[in-house]
Colleague: 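Take a look at the following structure, please.
Side chains included, hydrogens not; waters and symmetry mates left out as well; all remaining heavy atoms used. Residue numbers begin at 1 in each chain, while the letters A, B, ... track the order of the sequences.
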Protein chains: 2
Amino acid sequence: MSKSNNVYKDAYNRCLRLLDETRSLPSEPELGALLGVSRTTVRSILARMEETGLIAWNKRAKTVLRDPRSDDFFPEEETDTLAEIIERSFMRRLLAGGAEAGMQINELELAREIGVGTTSVREFLIRFSRFGLIEKRRNSHWVLKGFTRAFALELTEIREMFELRSAAAFTALPQDSPVWGDLDRLEEEHRLLRREIATRFNEFSELDERFHRLIHRASHNRFIVDFYDVIAMIFHYHYQWNKAQERERNEVAIGEHLTYIEALKSRDLGKVDAACRKHLKSARQTLLTSIPESRPSQKS
Amino acid sequence: MSKSNNVYKDAYNRCLRLLDETRSLPSEPELGALLGVSRTTVRSILARMEETGLIAWNKRAKTVLRDPRSDDFFPEEETDTLAEIIERSFMRRLLAGGAEAGMQINELELAREIGVGTTSVREFLIRFSRFGLIEKRRNSHWVLKGFTRAFALELTEIREMFELRSAAAFTALPQDSPVWGDLDRLEEEHRLLRREIATRFNEFSELDERFHRLIHRASHNRFIVDFYDVIAMIFHYHYQWNKAQERERNEVAIGEHLTYIEALKSRDLGKVDAACRKHLKSARQTLLTSIPESRPSQKS
DNA sequence: AAACTGTTTTTTCCCGATAAAAGACATTAA
DNA sequence: TTAATGTCTTTTATCGGGAAAAAACAGTTT
């Protein structure tokens with residue numbers, strides 16, 4: 001067993017949802033493009049759909065025979081990539097306490113615990129290292145630096161630097177740039193979400209990420225754009241971790257975003273700067289309050 | 001053959017150089033700390049040194065019997081880590097032309113060409129990806145983004161942002177901080193190098209890196225400090241690539257560094273800002289001129 | 001009893017192998 | 001003659017295994 005077929009399973013599930021909408025499926029290359037997989041995988045999917053009586057498949061004709069039932073779907077947990085599985089396990093350990101800074105990370109132990117090969121764990125750790133939470137000792141183990149107050153401050157310092165610059169670049173974008181349309185749509189989504197905040201408040205984090213990524217992209221700088229991955233990762237887990245006053249926090253953030261959007265649309269640099277600073281300051285505050293204050297270290 | 005013993009060979013060579021200086025070697029743990037390896041490796045080294053008649057080894061007594069000859073050393077190329085070997089091969093390909101942006105990178109082919117396993121190549125590519133020169137397509141190959149003008153501009157934009165901030169932080173450091181001593185020593189080295197610039201101009205790049213790292217460290221921000229790895233990597237290969245007017249360029253840079261150091265010591269923020277800006281501007285210029293202007297693309 | 005040496009266990013690093021997935025080539029239908 | 005399908009080849013993702021190196025443990029020496 002060398003490679004799981006999660007790509008196939010995930011694409012299969014997504015393809016099932018497509019079945020509801022049409023009477024017949026498009027061509028193999030088209031389906032591949034739609035699902036983001038190769039034709040090889042598309043054909044495996046079609047083969048199984050034929051087998052389970054979902055479609056009749058003869059060359060170009062792929063007729064839908066029946067609606068998918070819930071037991072046609074592969075279980076959710078089988079559709080995750082190994083990287084996702086490892087990241088989740090790792091972050092659970094990291095956030096579930098008992099993860100003191102300085103603690104060493106054992107590849108073999110992690111691999112055994114998660115039930116995967118060491119290679120995958122190694123690759124994960126290498127990829128993960130750019131988030132600044134772990135560090136490698138030459139020819140030796142990894143060291144946990146910890147999700148500390150210092151980390152949050154360093155992270156937000158860069159974030160503020162980058163976002164202020166991106167926001168300024170944003171206002172300088174020509175009127176016919178498609179970003180203005182994107183911004184209008186995001187604004188609309190914000191207004192919608194605010195109206196239904198009572199029930200949909202947990203949808204904010206996804207909207208938040210799309211909004212900030214749009215702004216960062218205006219920098220046209222790959223290092224700034226890529227850095228948002230670090231922020232997104234931290235906030236992703238932060239949102240899962242810190243549920244205190246989630247509704248209120250998100251409501252406030254939506255308001256700040258709308259002010260920020262207005263400022264961007266006015267193209268008034270002073271206003272943009274102020275709105276951006278204000279929002280980032282409160283974002284930093286929320287992040288900081290969610291960090292469990294570690295006992296003051298006995299000595300330097 | 002699963003793992004080369006380059007750690008042992010490299011440490012052995014370094015240990016040989018130690019032999020010149022003393023009549024007897026220190027304890028095993030001490031030697032390990034000195035060479036940065038474990039006791040296991042130290043003992044392998046001692047075992048071989050005894051075998052080749054370099055030392056007499058009996059428990060604590062490790063007496064030097066003769067001076068090492070040049071054929072006692074392991075060949076240089078056997079002391080490199082796999083990661084170094086792969087990086088060098090990869091960068092040679094990248095800089096030796098024929099590496100158009102958009103070209104796809106084949107792990108298997110790279111591994112075969114360099115004569116290493118695919119795992120090592122994969123790990124290298126993952127580590128290397130943070131430099132922003134390559135990018136991974138999900139479930140598929142890597143894509144070369146190319147060492148282009150755009151890359152250099154994006155890199156230097158961040159560099160300038162980070163260094164200006166670090167330099168400002170530097171001036172705010174208390175008088176009793178050890179960095180002022182470090183700075184004095186670096187200044188002395190600069191003066192020395194300037195005096196002997198005619199013969200030692202190629203030693204500048206190493207001094208340059210130490211100087212800028214010292215400044216970046218003052219930011220106390222891991223993301224800023226880590227980003228210098230990207231700059232160092234690019235400049236490392238840039239120095240090997242672009243030898244045009246190396247002496248002149250380095251002489252100018254030394255002058256700029258000295259002004260910059262004076263400014264830091266004066267703790268006058270305005271002066272620091274000006275000196276830093278001036279130096280970074282000329283550094284950017286040198287980098288830009290070394291980039292082969294690619295033919296304007298036929299169409300978007 | 002502190003610091004060393006001798007020995008054993010564990011972990012890291014790296015390869016080769018294999019199934020999944022992508023990609024290329026050949027063939028056929030509209 | 002274009003765009004699909006059918007078939008074959010190559011590449012990627014992942015595992016298990018084994019040597020190098022680190023780390024832990026036990027026994028000695030000063």
Colleague: Which nucleotide sits closest to the side chain of B:K136: D:dA24, C:dA22, D:dA13?
Modeller: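 Ranking D:dA24, C:dA22, D:dA13 by closest atom to the B:K136 side chain puts D:dA13 first.
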
Colleague: What's the CD-P distance between A:E123 and C:dC15, to the nearest Å?
Modeller: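 After rounding, the reported distance stands at 13 Å.
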
Colleague: Below the 4.0 Å mark, does D:dT11 have OP1 or OP2 next to a side-chain nitrogen or oxygen of B:R112?
Modeller: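 Affirmative; the distance criterion is met.
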
Colleague: Regarding A:S140, tell me which of base, sugar-phosphate or nothing describes its non-hydrogen contacts under 4.0 Å with the strands shown.
Modeller: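 Sugar-phosphate, no base atom in range.
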
Colleague: Give the rounded distance in Å between these two atoms: CG of B:L125 and P of D:dT12.
Modeller: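 Nearest whole value for this atom pair: 9 Å.
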
Colleague: Kindly say if A:S120 contacts the phosphate of D:dC15, meaning a side-chain N or O under 4.0 Å from OP1 or OP2.
Modeller: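 The answer is yes; a side-chain N or O of A:S120 sits under 4.0 Å from OP1 or OP2.
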
Colleague: Whether the side chain of A:S2 and the base of D:dT14 hold a donor-acceptor pair under 3.5 Å is what I'd like checked.
Modeller: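 For A:S2, whose side chain was compared with the base of D:dT14, there is no donor-acceptor pair (under 3.5 Å).
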
Colleague: Among the nucleotides C:dC15, D:dA23, C:dG23, which one has an atom lying closest to any side-chain atom of B:H141?
Modeller: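 My answer, after comparing the listed nucleotides, is C:dG23.
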
Colleague: Using whole Å, what does the distance between atom P of nucleotide D:dC15 and atom CZ of A:F124 come to?
Modeller: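 About 14 Å, once rounded to whole Å.
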
Colleague: Students often mix this up, so state it plainly: with edges at 30° and 60°, are the rings of A:Y12 and A:Y8 parallel, tilted or perpendicular?
Modeller: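 Ring orientation, 0 to 90° scale: tilted.
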
Colleague: Side chain of B:D72, backbone of B:R69: donor and acceptor closer than 3.5 Å?
Modeller: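 Pair found, side chain donor or acceptor close to backbone of B:R69.
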
Colleague: On DNA chain C, does the nearest nucleotide to A:R137 precede the nearest nucleotide to A:K9 from the 5' side, or the other way round? Give the residue.
Modeller: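 Taking each residue's closest nucleotide, the earlier one in sequence belongs to A:R137.
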
Colleague: Taking the side chain of A:L108 as heavy atoms from C-beta outward, which of D:dA4, D:dT14, C:dT12 is closest to it?
Modeller: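 Selected nucleotide: C:dT12.
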
Colleague: Could you state the CG-P distance from A:L35 to C:dA21, rounded to the nearest angstrom?
Modeller: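 A:L35 atom CG is separated from C:dA21 atom P by 13 Å.
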
Colleague: Using the ring of each side chain (for Trp, its six-membered ring), is B:H212 parallel, tilted or perpendicular to B:Y228, with breaks at 30° and 60°?
Modeller: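 If you compare the ring of B:H212 with that of B:Y228, the planes turn out parallel.
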
Colleague: Just to be sure I understand the rule, does A:L46 reach a base, reach only the sugar-phosphate, or reach nothing, if contact means heavy atoms closer than 4.0 Å?
Modeller: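 A:L46: no heavy atom of the nucleic acid under 4.0 Å.
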
Colleague: Return the 5'-most residue of the pair A:N6, A:K59 with respect to DNA chain D, ranking by each residue's nearest nucleotide.
Modeller: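 That would be A:K59.
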
Colleague: Using heavy atoms to find the nearest nucleotide of DNA chain C for B:N58 and B:G117 separately, return the residue whose nucleotide is more 5′.
Modeller: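 The residue mapped nearer the 5' terminus is B:N58.
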
Colleague: Looking only at side-chain N and O atoms, does A:E87 offer a donor or acceptor that is under 3.5 Å from a partner on A:Y237?
Modeller: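 Yes, a side-chain donor-acceptor pair sits under 3.5 Å.
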
Colleague: Does atom CZ of B:R138 have more than 12 heavy-atom neighbours from other groups under 6.0 Å away?
Modeller: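 No.
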
Colleague: For a quick test of reading the model: is some side-chain N or O of A:R60 closer than 4.0 Å to OP1 or OP2 of C:dA30?
Modeller: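 Checking C:dA30 against A:R60, no side-chain N or O comes under 4.0 Å of OP1 or OP2.
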
Colleague: Measure the distance from CG on A:L31 to C1' on C:dA21 and round it to the nearest whole Å.
Modeller: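 Nearest whole value for this atom pair: 16 Å.
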
Colleague: Looking only at side-chain atoms of B:N106, point me to the closest of D:dT11, D:dA13, D:dA21.
Modeller: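 Taking heavy atoms from C-beta onward, the closest nucleotide is D:dT11.
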
Colleague: When the nearest nucleotide of DNA chain D is assigned to B:E107 and to B:Y8 on a heavy-atom basis, which residue is associated with the more 5' position?
Modeller: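 Looking at DNA chain D, the more 5' nearest nucleotide goes with B:E107.
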
Colleague: Please classify the nucleic acid contact of A:I105 as base, sugar-phosphate, or nothing, using heavy-atom distances under 4.0 Å.
Modeller: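 Answer is sugar-phosphate: A:I105 comes under 4.0 Å of backbone atoms only.
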
Colleague: Hey, does the side chain of B:S4 come within less than 4.0 Å of D:dA20's phosphate (OP1/OP2), counting only N and O?
Modeller: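 Checking B:S4 against D:dA20: no side-chain N or O falls below 4.0 Å of OP1 or OP2.
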
Colleague: How close or far is atom C1' of D:dA4 from atom CZ of A:R39, stated in whole angstroms?
Modeller: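 Rounding to the nearest Å, CZ of A:R39 and C1' of D:dA4 are 8 Å apart.
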
Colleague: Any side-chain N or O of B:R43 less than 4.0 Å from the OP1 or OP2 oxygen of D:dA22?
Modeller: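 Result: no.
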
Colleague: B:S27 has a side chain; which of C:dC4, D:dA23, C:dA21 sits nearest to it?
Modeller: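 Nearest to the side-chain atoms of B:S27, counting from C-beta on, is C:dC4.
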
Colleague: Kindly say whether B:A61 contributes a backbone atom to a donor-acceptor pair with the side chain of B:N58 at under 3.5 angstrom?
Modeller: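 No: the side chain of B:N58 does not pair with the backbone of B:A61.
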
Colleague: Measure from CD on A:E84 to P on D:dT14 and round the result to the nearest Å.
Modeller: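 That distance rounds to 11 Å.
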
Colleague: Choose from D:dG6, C:dT5, D:dA4 the nucleotide whose nearest atom is closest to any side-chain atom of B:E28.
Modeller: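 Among the listed nucleotides, the one closest to the side chain of B:E28 is C:dT5.
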
Colleague: Look at the side chain of B:T40 and the base of D:dA23, then say whether one donor and one acceptor between them are separated by less than 3.5 Å.
Modeller: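 Such a pair is found, so the answer is yes.
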
Colleague: Of all the choices, D:dA22, C:dT5, D:dT14, which nucleotide is nearest to the side chain of A:N139 once you look at every atom?
Modeller: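 Between D:dA22, C:dT5, D:dT14, the one nearest the side chain of A:N139 would be D:dA22.
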
Colleague: Looking only at the side chain of A:S38 (C-beta and beyond, no hydrogens), which of the listed nucleotides D:dC15, C:dC13, C:dA21 gets closest?
Modeller: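 Taking heavy atoms from C-beta onward, the closest nucleotide is C:dA21.
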
Colleague: When you check the phosphate oxygens OP1 and OP2 of D:dT11, does a side-chain N or O of B:T118 lie under 4.0 Å from one of them?
Modeller: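 No, outside the criterion.
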
Colleague: Of the listed nucleotides (D:dT12, C:dT12, C:dA22), which one gets closest to any side-chain atom of B:K3?
Modeller: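 From the listed options, C:dT12 comes nearest.
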
Colleague: State whether the side chain of B:N13 and the backbone N or O of B:F74 hold a donor-acceptor pair below 3.5 Å, judged by distance alone.
Modeller: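 Yes, because the side chain of B:N13 sits within donor-acceptor range (under 3.5 Å) of the backbone of B:F74.
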
Colleague: Just N and O in the side chain of A:R122: are any of them under 4.0 Å from OP1 or OP2 of C:dC13?
Modeller: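 Yes, within the criterion.
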
